[in-house]
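Proteins come first, then strands; the chains are lettered A, B, ... in the order of their sequence lines, and each starts at number 1.
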2 protein chains.
Amino acid sequence: MTKKEAIVTAATELFAAKGFAETTTAEVAARAGVAQGTLFYHFKSKENILLAVFESVMVRYQTGMAAATATAANGMAAVEALLRFQLAFVEEHSREFRVVMRDLPSHLGGSDSPQREQVRQRQATVLAMLENALARGRTDGSMRPDLPATATAHILRGLVYGLVRHRLLGLIDLPPLEEDLIDFCRQALQAPAAGPC
Amino acid sequence: MTKKEAIVTAATELFAAKGFAETTTAEVAARAGVAQGTLFYHFKSKENILLAVFESVMVRYQTGMAAATATAANGMAAVEALLRFQLAFVEEHSREFRVVMRDLPSHLGGSDSPQREQVRQRQATVLAMLENALARGRTDGSMRPDLPATATAHILRGLVYGLVRHRLLGLIDLPPLEEDLIDFCRQALQAPAAGPC
DNA sequence: ACCAAAACTGACTGACCACTCAGTCTACTA
DNA sequence: TAGTAGACTGAGTGGTCAGTCAGTTTTGGT
């Protein structure tokens with residue numbers, strides 16, 4: 001592990017445990033086993049370390065999502081695969097997501113900063129994958145034909161995000177919800193059963 | 001308006017516009033038209049001002065939610081009323097919610113702080129209202145009989161939270177989603193149409 | 001009018017911490 | 001071996017800001 005990677009790892013652990021604001025650059029340096037100055041050799045600022053944590057996890061997230069849809073038999077299966085992947089991935093990388101969800105929004109700088117644009121791009125990509133899967137399901141008949149793809153993509157994204165956030169940052173313990181969530185979405189999305197009337 | 005109220009109002013505006021960390025107590029005092037010391041006469045710390053913003057908005061939020069369910073004809077209508085109320089209320093109080101969503105999680109102190117407990121209580125109440133409406137709908141036949149009330153309450157809460165958060169803090173503009181959201185939930189919740197077969 | 005308590009003031013302070021910078025070390029090339 | 005570019009160091013610093021406190025004003029009760 002290079003020192004740069006060690007810094008991101010150490011920062012992830014500390015930010016997740018104590019929060020961004022409550023973690024000093026001295027602590028990050030100490031845990032990473034580097035000098036304080038090394039942080040600022042590799043990163044322009046403390047906030048850029050936060051952004052690196054985000055980038056590092058989002059690259060893996062999006063790769064996984066793309067893989068999840070690739071093998072699905074139809075649109076509905078693709079959506080289900082996306083949902084399952086997202087929930088599992090977030091569970092597995094809970095520390096990173098904790099940091100990203102709690103601290104990133106507070107530290108994205110002005111509305112025209114390049115950091116904001118970078119994050120916006122990532123979000124748009126996630127959204128597009130959902131929308132594609134939905135459009136596919138509408139076409140191949142595995143979902144209701146009147147489904148509004150864009151709006152539903154936003155809804156699904158909000159749903160996953162809201163649940164994950166409560167699991168990671170919430171003060172209330174959530175029961176396991178994966179299967180209930182999948183059922184809920186399937187009910188909402190699937191074409192009405194063509195009963196043999 | 002008392003000076004204490006003026007402080008909460010000023011803090012809400014500044015926190016919403018610039019964020020909690022980037023707002024100094026001196027600025028809050030100046031905008032509220034009081035001396036710096038007055039802040040600390042009324043509030044133990046800067047974070048307690050943040051908590052006051054939260055409390056102030058949550059009291060109104062919960063009162064409104066209770067009213068929304070009271071007049072509903074059945075469980076499904078109650079859920080719909082809750083969803084509509086939540087979306088409308090957040091829209092109307094977007095500044096306060098922006099602050100609460102972005103900055104509160106980072107500043108809740110240790111896991112056993114009284115502040116955390118206070119927030120937890122509020123969240124539990126919201127959840128209970130949803131769960132009640134769902135249980136009601138399952139009983140009165142306006143929803144699927146096999147609906148898991150607790151899990152679904154969590155899902156609905158996550159859904160609203162996720163969407164609202166993207167609207168208030170997200171970097172992507174959301175289209176109006178109220179009706180699509182209601183439709184989505186209705187599909188997921190409603191009893192399968194008993195076709196005349 | 002008098003008093004006491006509550007509300008309020010604002011100059012001050014001390015701790016904190018992100019970031020700097022002048023210099024050292026390491027690895028590679030010619 | 002000398003040269004050099006990139007990686008790394010860590011003590012130092014300057015600006016910031018939450019919170020304090022000794023004193024003043026306002027309020028309300030008798």
Side-chain angles (χ1 to χ4, degrees), chain A residues 1-56 99 102-110 113-116, chain B residues 1-56 99 102-110 113-116:
Chain A
M1 188 160 54
T2 67
K3 294 202 171 184
K4 187 169 181 179
E5 287 164 349
I7 290 168
V8 173
T9 303
T12 301
E13 291 165 0
L14 289 169
F15 292 169
K18 314 177 31 177
F20 179 79
E22 288 70 33
T23 303
T24 66
T25 52
E27 288 170 317
V28 175
R31 176 176 274 245
V34 304
Q36 279 210 59
T38 310
L39 300 198
F40 297 93
Y41 176 74
H42 288 294
F43 301 96
K44 208 163 88 32
S45 67
K46 185 185 175 188
E47 290 188 1
N48 275 36
I49 301 177
L50 182 60
L51 202 65
V53 173
F54 172 75
E55 271 300 300
S56 153
V99 173
R102 187 180 49 197
D103 295 316
L104 197 64
S106 317
H107 297 91
L108 275 183
S113 71
Q115 291 142 35
R116 257 184 131 79
Chain B
M1 187 157 58
T2 67
K3 294 202 170 183
K4 187 170 180 177
E5 287 164 350
I7 290 169
V8 174
T9 303
T12 301
E13 291 164 1
L14 289 168
F15 291 168
K18 315 177 29 178
F20 178 79
E22 287 70 32
T23 303
T24 67
T25 53
E27 287 170 318
V28 174
R31 175 175 274 244
V34 304
Q36 279 210 59
T38 310
L39 263 55
F40 296 93
Y41 176 74
H42 288 294
F43 301 96
K44 207 163 88 30
S45 67
K46 186 185 175 189
E47 290 187 1
N48 275 35
I49 301 177
L50 182 60
L51 202 64
V53 173
F54 172 75
E55 272 299 299
S56 153
V99 173
R102 186 182 49 196
D103 294 317
L104 198 65
S106 317
H107 297 91
L108 275 182
S113 73
Q115 291 143 34
R116 257 184 131 79

Given atom [atom1] of [X] and atom [atom2] of [N], what is their separation to the nearest angstrom?
X        : N       : atom1 : atom2 : result
Leu39(B) : dT20(D) : CG    : P     : 12 Å
Phe43(B) : dT20(D) : CZ    : P     : 15 Å
Tyr41(A) : dG10(D) : OH    : P     : 16 Å

Do [X] and [Y] come within less than 4.5 Å of each other through their side chains, counting heavy atoms only?
X        : Y        : result
Phe20(B) : Glu47(B) : yes
Ile7(A)  : Thr2(A)  : no
His42(A) : Asn48(A) : no

Let me have a per-nucleotide readout for nucleotides 15-21 of chain C, 5' to 3', with B, S or -, counting only protein heavy atoms under 4.0 Å. --SBBB-

Whether Thr9(A) side chain and Ala32(A) backbone form a donor-acceptor pair below 3.5 Å: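 Between the backbone of Ala32(A) and the side chain of Thr9(A) there is no qualifying donor-acceptor contact (under 3.5 Å).
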
Are any side-chain N or O atoms of Thr12(B) and backbone N or O atoms of Val8(B), one a donor and one an acceptor, separated by less than 3.5 Å?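 Yes.
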
Taking only N and O in the side chain of Lys3(A), is any of them less than 4.0 Å away from OP1 or OP2 of dT9(D)?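 It does, given that an N or O in the side chain of Lys3(A) lies less than 4.0 Å from OP1 or OP2 of dT9(D).
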
Tell me whether the NZ or CZ atom of Lys4(B) lies within the 45° cone about the ring axis of Tyr41(B) and under 6.0 Å from its centre.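 Ring-cation test returns no.
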
